[in-house]
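A quick note: this is a predicted structure, and the numbers were derived from the prediction, not measured. Start at 1 and go down the list; that is how both ligands and their atoms are numbered.
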Amino acid sequence: MKITTLGTSHGDHTYCRFNSSTLLETGDGMYLVDAGAPVEALLIRAAKRFEKLKAVFISHMHNDHVGGLPGLIKAFTKYPAEKQHMQIFLPEDGAAKGLELWCRAQHLTFPSLLCGVSTTYEGEFYCDEILRVSAVRTRHMMNDPERFASYSYVFEAEGKRVVHTGDLSSSFDDFPQLVKKQPCDMCICEATHYNLEAAVEELKSFPIRKLVFNHIADRWHGAGENNLRKLISRLPYPCEIAHDGDVFTV
Ligand SMILES: [Zn+2]
Ligand SMILES: [Zn+2]
């Protein structure tokens, strides 16, 4: 699997990082985790072909993770190729209607034959000939958990397992606990909402083969990155700090 961290910021664009989106490539397919703006521009800059996109998995409905969807839909549907189809998984039932209205207000045709929208549910919810995806509920949307959901995702392909935490709550016990039982080849972990200094002590014992921090908080940007590097150097396995456009293979 090849993973490109297209946008690695923490809630707002900053001078060096755009909003959250991560591209996963396996076999001949492309998949996105989150679609923060300007996701379609970053895909164009990375010379990716839109017709290869098979699915988009939105972790939660905050703007920095979902705000680029109309632009992505426009780019995806503009020059259709044969058999092209992208399924968008949203974490809330009501979100599909909102997306449709927002697209319509921008004179974009949606839903179209080229795109579909589904609601994510816990457990294994997506499977094709290349990739299996499971969702684990997190407590990031604590303000109204009955109506609003947020998810971590587990991706399985090519005999490898990749965990993407999505945004977590302010308590690190929100980190998907299944990682403790089932080793993962790579974990892409957000680094904004909890106390990372304390979490590093917990993370030491997790069976993770490689850890990539993304969704980077302001204090770690630019010159602050050295402090983050020092902090995560305590971990017993390889760790990286993601930047926009970085590529990781697993
Ligand atoms: Zn976020
Ligand atoms: Zn969020």
Exercise for the section: Look at the aromatic rings of Tyr153 and Tyr151 and report parallel, tilted or perpendicular, splitting at 30° and 60°. Expected result: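 Parallel.
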
Over 60° means perpendicular and under 30° means parallel, so classify the ring planes of Phe57 and Tyr126, tilted if in between.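 Perpendicular.
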
Quiz item: Taking the N/O/S atoms of His215 one by one, which is nearest to the Zn ion (ligand 1)?
Solution: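 Atom name of the closest N, O or S in His215: NE2.
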
#### Entry: Pairs involving residues 152-167, ordered by first then second residue, that meet salt bridge (charged side-chain N to carboxylate O under 4.0 Å, His left out) (sequence neighbours left out)
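Residue pairs passing salt bridge (charged side-chain N to carboxylate O under 4.0 Å, His left out), neighbours aside: Arg132-Glu156, Glu156-Arg161.
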
How about the Zn ion (ligand 2), which protein N, O or S atoms come within less than 2.8 Å?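 The answer, once waters are left aside, is His60 NE2, His62 ND1, His140 NE2, Asp167 OD2.
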
Can I get a per-line list of side-chain donor-acceptor pairs under 3.5 Å for residues 242-250, giving both atom names and the distance, sequence neighbours left out?
from: His243; atom 1: ND1; to: Ile241; atom 2: O; distance (Å): 3.2
from: His243; atom 1: ND1; to: Asp246; atom 2: OD2; distance (Å): 2.8
from: His243; atom 1: NE2; to: Glu225; atom 2: OE1; distance (Å): 2.9
from: His243; atom 1: NE2; to: Glu225; atom 2: OE2; distance (Å): 2.9
from: Asp244; atom 1: OD1; to: Thr8; atom 2: N; distance (Å): 2.9
from: Asp244; atom 1: OD1; to: Thr8; atom 2: OG1; distance (Å): 2.6
from: Asp244; atom 1: OD2; to: Phe18; atom 2: N; distance (Å): 2.6
from: Asp246; atom 1: OD2; to: His243; atom 2: N; distance (Å): 2.9

* **Pairing residues for Asn227 by the side-chain contact (heavy atoms from CB on, under 4.5 Å) criterion, not counting sequence neighbours** =>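 Partners of Asn227 by the side-chain contact (heavy atoms from CB on, under 4.5 Å) criterion, ordered by chain and then number, come out as Trp220.
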
What I'd like to find out is whether the side chain of Asn63 reaches to under 4.5 Å of the side chain of Asn19, using heavy atoms alone.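 Yes - at least one pair of side-chain heavy atoms lies under 4.5 Å apart.
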
